[in-house]
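In what follows, a structure is listed as structure tokens, so that the remarks can point back to it.
Per chain, numbering begins at 1; letters A, B, ... match sequence-line order.
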Amino acid sequence: MPLVNGGKIADDSFVKLAVDTPLPEGGDILVPAERFIGEADALLERAGKVGVIWPNNRDIAELVPYLGKIAVVALVFPTFRDGRAYSQARLLRERYNYRGELRATGQVLRDQFVFMLRAGFDSFDVKKQADAEAFMQTAKRYSVFYQPTGDGRITALHRRMQLRHSEGVGT
Amino acid sequence: MYAYDEIDRTLVNERVSEFRDQVKRRLSGELTEDEFKILRLQNGVYLQLHAYMFRVAIPYGTLATNQLRALAHVARKYDRGYGHFTTRQNIQFNWIKLAELPDALEDLAKVGIHAMQTSGNNMRNVTSDQWAGVAPGEIEDPRIWSELIRQHTTLHPEFSFLPRKFKIAITASDHDRAAIKIHDIGLRLIKNEKGETGFEVLVGGGLGRTPFIAKTIKHFVHGRDILSYIEAILRVYNQYGRRDNIYKARIKILVHELGIEKFSREVEEEWQHIRNSSLHIDDEVIEDIRSRFTYPPYEKLPHMPDELRQAAADPDFEAWRKNSVASHKNQGYAIVTISLKPIGAPPGDATAEQMDALADLADKYSFGEIRVGHEQNLALPHVAKRDLPALWKALDKLGLATPNVNLITDIIACPGLDYCSLANARSIPIAQELTRRFANHELANLIGRLHINISGCINACGHHHVGHIGILGVEKNGEEVYQITIGGRADENAALGNLIGPGVKFDEVADVVEDIVEAYLALRERPDELFMDTVKRLGVEPFKERVYATR
């Protein structure tokens with residue numbers, strides 16, 4: 001599955017480990033949540049970056065003590081209809097101030113990119129090559145946003161207020 | 001009326017362009033039906049029994065005449081010349097072609113109409129009182145808040161893939177015409193002791209196979225906190241709402257399973273984190289939205305103009321006036337309800353010609369504004385009383401002056417087996433037969449306020465649980481069987497109806513309803529004791545006896 005990172009298709013330096021895969025000497029690793037929580041200290045001490053794959057039915061607050069040390073949090077969309085990871089993403093970014101890579105994995109299709117970007121995702125394990133290639137075009141599809149999220153985009157409500165004030169200055 | 005500005009119009013156009021691309025990818029096979037399904041649903045497109053069905057949003061039920069004409073145009077150009085107004089302030093077209101849908105959406109976008117989130121597991125079209133802004137005694141126009149919430153819930157990046165659909169309704173009057181207690185979130189606009197505007201928030205109402213009346217989760221949420229409070233409810237629901245079983249995925253089940261106290265604690269905790277975030281609404285923002293609602297330049301008019309006095313001699317006019325004309329907050333004006341329930345016709349249907357003609361009448365007599373109510377009727381919200389006789393004549397010519405609003409033939413019905421792929425039984429023919437049985441206006445008037453609601457399956461689109469008489473069609477051994485309930489209501493005293501006994505066959509439904517009505521007429525204490533009050537006083541038993549004694 002192609003990875004989109006920083007707006008373009010990129011190589012993935014992270015190797016996914018299962019719960020019982022032996023730990024490699026070096027290199028970047030992505031480990032399942034239960035393994036990460038169980039072996040966090042050992043994992044964080046080794047050379048190479050560590051990321052965690054967090055299921056969408058587990059409280060994201062459990063990760064809070066480690067957020068400064070984790071390189072990637074990969075949230076899971078088991079089907080693209082299941083939107084729990086959007087809430088987890090916003091909590092990570094907006095409440096817990098997580099600044100590392102936030103990756104969308106699972107059923108990731110182009111039609112979710114805008115929602116995902118707005119919720120705070122910045123990398124995407126995309127299911128289809130064509131969707132990954134369409135990333136930039138799809139991500140720019142909307143120029144108007146009604147809700148404030150942590151992505152810093154100005155909302156329609158506030159843009160209206162700005163317009164109103166600038167009109168006021170002119171008259 | 002609320003005027004969309006360039007910002008709103010841009011979003012609608014961007015949505016149309018996205019959907020055009022999605023349809024193209026579906027037609028080329030790039031998207032599977034499974035992938036496309038949720039995308040089309042988010043744009044109001046269902047695959048029904050015979051064709052695609054297209055559901056268009058009428059936010060809080062307010063339409064301008066150019067918008068109604070655009071709906072007529074869609075009916076004529078892309079469908080079979082008519083549309084069906086639903087219980088959720090939507091209009092549905094039943095025979096649309098997938099390849100033409102983007103064009104239909106583009107035509108609607110030109111007048112600021114869209115189909116965003118009229119379906120799918122997201123926040124649905126926000127509904128409100130069809131008399132908003134003109135009903136005497138309301139706290140304030142609830143559409144200002146409806147519009148704020150409409151904007152906030154449109155393409156929400158966190159809540160576009162919820163466990164199930166999510167419906168919000170708002171009322172600002174003592175008499176609830178928005179049925180807020182059967183919604184996922186019901187909002188009742190109130191003032192606190194300091195005179196500040198806020199909401200009583202109710203949660204967890206809904207019909208379907210597990211009906212619940214909503215419970216109050218908070219007695220007062222200040223207007224400036226309403227978005228953060230709604231967001232807190234949604235966030236708790238998104239994370240904990242069940243996804244393992246679609247029948248248990250609604251918020252009503254979560255509230256029921258956790259209990260309202262535990263659920264409200266969860267919400268409260270979440271809310272404390274976000275209430276002072278960017279979701280906090282400045283008064284200035286509210287004023288900006290308020291300023292974009294414009295109201296007609298009402299004149300000072302007499303309470304009882306000569307035209308009305310003279311027309312009163314005509315008994316047909318008087319019958320219609322008494323039935324369909326309601327008080328307006330401005331003297332000399334009235335709210336006119338237009339029944340879309342002519343005798344023998346499917347409830348809620350209007351032809352393209354009727355829609356165009358109604359738009360002309362609204363331009364002439366109602367400052368270019370039309371309303372859509374959840375009872376599947378329309379309304380003209382600003383009619384000068386002196387114009388009532390002329391309006392009545394014009395409506396009568398269009399077949400739109402049936403004086404049966406709130407009477408027994410003002411039936412709410414889902415499309416049923418005639419259109420819907422979910423249905424197990426017919427609804428429309430039952431409604432048609434009942435309107436013929438009770439076509440006599442004197443009899444209907446003698447019976448008084450009586451709402452019949454019909455659903456063709458357990459999903460309850462016809463809101464049968466809250467009908468004074470509710471009729472639910474189910475399938476048993478290959479046959480349509482109808483279960484009858486009485487005593488339901490959808491207003492401020494919302495209640496679920498009680499089953500009167502075993503289901504009856506298709507051919508027996510109208511007879512059974514007649515029996516119930518006869519029983520009521522015999523049992524009521526006074527001529528002004530309404531059906532629902534008699535049922536409340538006596539319970540199901542005497543009605544059951546009357547219906548089943550001879551069956």
Side-chain angles (χ1 to χ4, degrees), chain A residues 56-60 77-91 94-96 107 109-121 127-128 130-131 134 137-138 140-165, chain B residues 5-15 17-18 21-22 25 30-31 34-39 42 120-122 148 150-163 227 231 234-241 243 270 273-274 277-282 284-286 288-289 291-292:
Chain A
N56 68 4
N57 56 0
R58 187 163 179 165
D59 191 350
I60 201 76
F77 293 85
T79 75
F80 74 106
R81 293 193 190 92
D82 185 335
R84 279 176 273 197
Y86 291 105
S87 288
Q88 292 177 318
R90 290 197 64 197
L91 290 172
E94 296 167 43
R95 184 163 306 160
Y96 305 126
Q107 295 279 315
L109 303 170
R110 81 173 76 173
D111 306 286
Q112 299 141 284
F113 290 155
V114 175
F115 294 127
M116 288 174 169
L117 283 163
R118 299 222 56 221
F121 289 99
K127 195 177 163 215
K128 299 178 182 179
D131 284 0
Q137 183 197 342
T138 314
K140 283 190 296 193
R141 176 146 261 146
Y142 286 96
S143 64
V144 171
F145 305 96
Y146 280 129
Q147 315 78 8
T149 67
D151 68 352
R153 285 171 221 252
I154 185 167
T155 65
L157 288 173
H158 287 97
R159 196 192 288 185
R160 281 194 197 98
M161 301 311 298
Q162 283 182 350
L163 289 171
R164 179 165 280 217
H165 289 151
Chain B
D5 63 7
E6 196 52 39
I7 295 171
D8 300 292
R9 283 194 294 273
T10 301
L11 180 87
V12 172
N13 288 329
E14 287 169 347
R15 182 61 156 172
S17 133
E18 180 183 44
D21 173 57
Q22 288 165 342
R25 283 188 285 140
E30 211 181 313
L31 278 175
D34 188 48
E35 289 165 344
F36 180 61
K37 183 178 174 187
I38 195 153
L39 304 175
Q42 288 176 340
N121 292 345
N122 46 39
L148 180 76
R150 180 197 74 79
Q151 293 188 21
H152 186 73
T153 54
T154 297
L155 301 184
H156 196 295
E158 187 177 340
F159 306 127
S160 287
F161 300 90
L162 291 167
L227 291 186
E231 189 123 325
L234 262 298
R235 187 169 276 170
V236 170
Y237 169 60
N238 191 35
Q239 292 180 99
Y240 303 116
R243 282 177 159 90
E270 181 58 41
H273 284 292
I274 59 176
S277 68
S278 47
L279 291 170
H280 181 94
I281 312 155
D282 298 335
E284 200 184 9
V285 167
I286 295 298
D288 184 58
I289 292 184
S291 73
R292 290 196 294 137

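- With sequence neighbours excluded, the residues forming a ring-ring contact (aromatic ring centres under 6.0 Å, His included) with A:Phe113 are A:Phe124, A:Phe135, listed by chain and number.
- Side chains of A:Ser87 and B:Glu158: a donor on one and an acceptor on the other come within 3.5 Å.
- Taking each heavy atom of A:Gln147 and B:Thr153 in turn, the nearest pair found is NE2-C, 4.2 Å.
- Nearest heavy-atom pair across B:Ile38 and A:Phe80 is CG2-CE1, 2.8 Å.
- To the nearest 0.5 angstrom, B:Ile274 atom CD1 is 9.0 Å from A:Leu91 atom CG.
- Without hydrogens or angle criteria, B:Asn238 side chain to A:Gly83 main chain gives a donor-acceptor distance under 3.5 Å.
- At a 4.5 Å heavy-atom cutoff, the contact between B:Thr154 and chain A is made by backbone and side-chain atoms alike.
- In this structure, the portion of B:Phe159 lying under 4.5 Å from any heavy atom of chain A is its side chain and not its backbone.
- Per-residue counts of heavy-atom pairs under 4.5 Å with chain B were compared for A:His158, A:Arg90, A:Met116; the largest is that of A:Arg90.
- Note on A:Arg160, A:Glu94, A:Arg118: by heavy-atom pairs under 4.5 Å with chain B, the leading option is A:Arg160.
- Heavy atoms of B:Leu234 lying under 4.5 Å from chain A are absent altogether.
- Taking chain A as the reference chain and counting heavy-atom pairs below 4.5 Å, the highest number among B:Leu162, B:Leu155, B:Thr10 is found for B:Leu155.
- Listed options B:Lys37, B:Glu35, B:Gln239, B:Glu6 were ranked by heavy-atom pairs under 4.5 angstrom with chain A; first place goes to B:Glu35.
- Heavy-atom distances place the side chain of B:Arg292, and not its backbone, under 4.5 Å from chain A.
- No hydrogens or angles considered: a donor-acceptor pair under 3.5 Å links the side chains of B:Glu284 and A:His165.
- Only the side chain of B:Glu231 has a heavy atom closer than 4.5 Å to any heavy atom of chain A.
- Residue A:Lys128 comes nearest to B:Glu30 through the heavy atom pair NZ-O, 3.1 Å, listed as atom of the first residue, atom of the second, then distance.
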Before giving the answer on side chain to side chain contact (heavy atoms under 4.5 Å, CB included), spell out for B:Ile7 and A:Leu163 the whole-Å C-alpha distance, their side-chain angles and the decisive distance to 0.1 Å.
CA-CA 11 Å; B:Ile7 295 171; A:Leu163 289 171; 4.1 Å; yes
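- Looking only at atom types and distance, the side chain of A:Ser143 has a donor-acceptor partner in the side chain of B:Glu14 under 3.5 Å away.
- If you look at A:Phe115 and B:Phe161, their ring centroids are closer than 6.0 Å.
- Using a 4.5 Å cut-off between heavy atoms, A:Gln112 contacts chain B through its side chain alone, with no backbone atom that close.
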Could you please spell out the steps behind the side chain to side chain contact (heavy atoms under 4.5 Å, CB included) verdict for B:Arg25 and A:Asp111?
CA-CA 11 Å; B:Arg25 283 188 285 140; A:Asp111 306 286; 2.6 Å; yes
Give the intermediate values and the outcome of side chain to side chain donor-acceptor pair (under 3.5 Å) for residues B:Arg243 and A:Thr79.
CA-CA 11 Å; B:Arg243 282 177 159 90; A:Thr79 75; over 6 Å; no
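- Checked by atom type, the side-chain pair A:Tyr146/B:Asp8 shows a donor-acceptor distance below 3.5 Å.
- Partners of A:Tyr142 according to the ring-ring contact (aromatic ring centres under 6.0 Å, His included) rule, which considers only residues two or more places apart in sequence or in another chain, do not exist here.
- Going from atom CD of A:Gln107 over to atom CG of B:Asp34 covers 8.5 Å, rounded to the nearest 0.5 Å.
- Between chain B and the residues A:Thr149, A:Asp82, A:Asp151, the largest count of heavy-atom pairs under 4.5 Å involves A:Asp82.
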Take B:Asp5 and A:Arg159 through the test salt bridge (charged side-chain N to carboxylate O under 4.0 Å, His left out) and record every step on the way to the result.
CA-CA 12 Å; B:Asp5 63 7; A:Arg159 196 192 288 185; over 6 Å; no
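- For a residue to count as touching a neighbouring chain, one of its non-hydrogen atoms must lie under 4.5 Å from one of that chain's; by this rule A:Arg95 touches chain B with the side chain only.
- Neither the backbone nor the side chain of A:Lys140 comes within contact range of chain B; no heavy atoms are under 4.5 Å apart.
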Do A:Thr138 and B:Glu18 pass the side chain to side chain contact (heavy atoms under 4.5 Å, CB included) test, and can you show the C-alpha distance, the side-chain angles, and the key distance before you say yes or no?
CA-CA 9 Å; A:Thr138 314; B:Glu18 180 183 44; 5.7 Å; no
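- In terms of heavy atoms, B:Leu11 sits closest to A:Val144 at CD1-O, 3.4 Å.
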Apply side chain to side chain contact (heavy atoms under 4.5 Å, CB included) to the pair B:Ile289 and A:Leu157, showing each step before the final yes or no.
CA-CA 9 Å; B:Ile289 292 184; A:Leu157 288 173; 3.9 Å; yes
